[in-house]
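Here's the structure we're looking at; comments come further down.
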Amino acid sequence: MGIMKINVAVLFGGKSVEHEVSIISAVQAMANIDTEKYRVVPVYITKDNEFYYGEDLRDIRLYRNLKGLVARCRRVVFIREKGRVRLVKYPGGLFSGGPICDIDVALPVVHGTNVEDGALQGYLKTLDVPFVGCNVLASAVGMDKYVMKILLKEAGFPVLDCLRFTVPDPENVKKVEAKFGYPVIVKPVNLGSSVGISKAAGPEELEHALTDAFAFSDKVLVEPAITQLREINCAVLGDASEAIASECEEPFATDQILSYKDKYVDGGKSKSGASKGMASLKRQIPAELPPELRQRIQELAVGTFQTLDCNGVARIDFMIDKADGSVWVNEINTIPGSLAFYLWQPVGIKYPDLLERLIALALKRRRKEEEITYSFDTNILSMGGPFGSKGRK
Ligand SMILES: Nc1ncnc2c1ncn2[C@@H]1O[C@H](COP(=O)(O)OP(=O)(O)O)[C@@H](O)[C@H]1O
Ligand SMILES: [Mg+2]
């Protein structure tokens with residue numbers, strides 16, 4: 001008899017503009033999980049939110065023919081049964097062969113709206129299965145660039161001032177001009193990978209930029225553009241009680257704005273021909289920084305992570321204004337591309353170790369949650385009392 005393995009459901013894909021990036025991140029993660037200790041259970045979420053299970057999902061080359069790949073997988077659903085969470089085939093029936101397996105912990109490797117923003121986390125929470133990464137609130141906050149800024153500002157972190165618009169309106173341009181002038185950056189509040197982001201140097205460009213951004217989101221953010229920009233990213237690993245910073249990286253843009261194309265399409269191709277995603281973006285690791293600045297960024301990164309009550313691994317992206325040296329927290333990615341594994345290797349944490357720590361953090365949170373009372377075993381309604389049809393007085 002071998003040791004019991006922990007069953008890890010790796011969830012990826014979903015109804016997000018970063019669907020393909022998530023596939024790349026997830027396949028990398030699955031290839032790096034220590035299979036002596038863990039059984040990897042790949043669960044692919046289609047753009048229609050259907051769930052599929054299959055061992056073929058671990059091979060990036062097979063995604064070129066997505067239809068064929070999905071056809072070879074089993075449609076599945078998660079259910080709760082006998083105090084456990086199980087992955088079962090759908091449709092079920094007499095000859096379906098019973099459950100595929102029980103799930104001990106879920107590892108969401110998803111990016112973007114509808115999945116990284118607390119939606120999938122809420123689903124996993126309702127299933128009552130421990131899962132890696134931020135809880136529902138931190139995931140939602142991390143996805144909303146506006147709410148994130150408000151919380152960070154309140155806590156004294158350096159974030160650029162901004163305006164948020166919730167309806168397209170000609171007045172928006174005037175409000176931006178009154179508050180900031182030009183140039184400004186316009187972005188959807190809740191997307192990633194630079195989708196819908198543009199710079200505007202005048203009213204006409206601003207109008208276009210706003211229309212563009214509103215096509216991708218119902219909420220749009222405008223902030224002053226840093227013209228002499230340097231970008232530095234730093235990841236953080238841990239939870240509320242303990243968190244550590246990774247090495248810093250400097251990503252390089254070939255375009256004015258680091259675009260989806262820079263990050264994922266043009267990025268170096270691996271031998272199999274598949275893009276390596278975030279890990280292959282033109283970047284310098286470690287970023288060339290004076291030691292004090294490096295330390296300041298690492299401290300701001302850990303502070304941001306803990307202020308937003310994050311868990312697991314997140315990447316915090318900074319902007320440095322070369323004109324005056326000021327440092328700004330730009331955004332947090334609560335499920336960073338490639339889980340930011342390449343930022344941990346330089347500080348001595350290999351990818352399999354990173355994954356092991358992430359799973360341990362998920363189980364630690366579960367143990368802590370179990371100490372908190374969420375419901376009572378007695379049915380209060382069974383005790384009689386003032387619960388008449390008029391309700392409680
Ligand atoms: N205020 C700004 N000034 C200058 N460039 C910016 C500003 N905000 C964002 N950018 C550029 O746009 C890119 C994408 O913006 P970001 O807020 O990081 O959104 P995303 O979630 O799409 O990555 C940044 O990496 C940076 O190159
Ligand atoms: Mg970014």
Side-chain angles (χ1 to χ4, degrees), residues 16-18 21-22 25 110-117 139-149 152-153 158-164 176 179-201 205-206 209 212-213 215-217 219-235 248-267 277-278 281-284 287 297 301 304 308 314-324 326-338 340 343:
S16 155
V17 290
E18 295 174 280
V21 187
S22 155
S25 290
V110 288
H111 306 309
T113 326
N114 297 323
V115 271
E116 187 183 354
D117 59 358
S139 301
V141 169
M143 187 56 65
D144 189 308
K145 291 182 165 81
Y146 179 68
V147 176
M148 180 210 70
K149 272 178 190 276
L152 289 178
K153 200 173 181 176
V159 290
L160 287 175
D161 215 359
C162 69
L163 277 171
R164 182 190 64 166
V176 171
K179 195 170 168 80
F180 300 124
Y182 298 101
V184 287
I185 295 279
V186 181
K187 44 180 123 173
V189 295
N190 60 358
L191 286 178
S193 299
S194 302
V195 174
I197 299 194
S198 45
K199 195 174 183 172
E205 277 179 31
L206 179 55
D212 230 45
F216 289 101
S217 173
K219 294 192 266 310
V220 169
L221 196 93
V222 182
E223 64 186 28
I226 295 177
T227 48
Q228 294 184 56
L229 176 67
R230 189 176 176 203
E231 296 186 78
I232 302 289
N233 304 340
C234 179
C248 295
E249 66 167 331
E250 179 166 8
F252 293 110
T254 51
D255 207 287
Q256 265 197 330
I257 285 178
L258 197 52
S259 68
Y260 187 86
K261 203 160 164 283
D262 285 320
K263 284 179 184 165
Y264 305 110
V265 182
D266 284 347
M278 279 301 284
L281 174 71
K282 289 183 206 87
R283 63 179 75 249
Q284 187 170 345
I297 286 175
T304 296
L308 301 180
R315 199 190 73 230
I316 296 90
D317 296 351
F318 295 86
M319 296 192 291
I320 297 176
D321 188 342
K322 286 189 274 188
D324 60 5
S326 53
V327 176
W328 304 94
V329 177
N330 179 34
E331 62 158 344
I332 186 162
N333 295 282
T334 55
I335 306 182
S338 300
L343 291 176

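Basis for what follows: all heavy atoms, side chains included, without hydrogens, waters or symmetry-related copies. Note that ligands are numbered from 1 as they come in the structure, with each ligand's atoms numbered from 1 the same way. The first residue of the sequence shown is numbered 1, and numbering continues consecutively from there.
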Between [X] and ligand 1, is there a nitrogen or oxygen pair with a distance under 3.5 Å?
X	value
D317	no
I226	yes
P224	yes

Which of the atoms in ligand 1, numbered in the order shown and given with their element, are less than 4.0 Å from a heavy-atom of [X]?
X	value
L160	1 (N)
I197	14 (C), 15 (O), 16 (P), 19 (O), 22 (O)
N330	16 (P), 17 (O), 18 (O)

| said: Treating D144 as the side-chain partner and V141 as the backbone partner, does any N or O pair qualify as donor plus acceptor under 3.5 Å? | reply: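 No: the side chain of D144 does not pair with the backbone of V141.
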| query | Checking H111 side chain against I335 main chain: does a donor-acceptor pair fall under 3.5 Å? | reply |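 Present.
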| message | Within the structure, is a non-hydrogen atom of G196 found at a distance of less than 4.0 Å from ligand 1? | response | no
| Is there a heavy atom in K199 that sits closer than 4.0 Å to ligand 1? | no
| request: Applying salt bridge (charged side-chain N to carboxylate O under 4.0 Å, His left out), name anything that partners R164, two or more places apart in sequence or on another chain. | output: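 Salt bridge (charged side-chain N to carboxylate O under 4.0 Å, His left out) check on R164 returns nothing, list empty.
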| query | By salt bridge (charged side-chain N to carboxylate O under 4.0 Å, His left out), which residues pair with K322, not counting sequence neighbours? | reply | none
| field | Check against salt bridge (Lys or Arg N to Asp or Glu O under 4.0 Å), K149 and E331 | value | CA-CA 8 Å; K149 272 178 190 276; E331 62 158 344; over 6 Å; no
| request: Please determine if the Mg ion (ligand 2) has an N/O/S atom from E331 lying under 2.8 Å away. | output: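 Yes, E331 qualifies, because one of its backbone or side-chain N, O or S atoms lies under 2.8 Å.
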| query | Taking atom types as modelled, is there a side-chain donor on N190 or T113 under 3.5 Å from an acceptor on the other? | reply |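 The criterion, which ignores hydrogens and geometry beyond distance, is not satisfied for T113 and N190.
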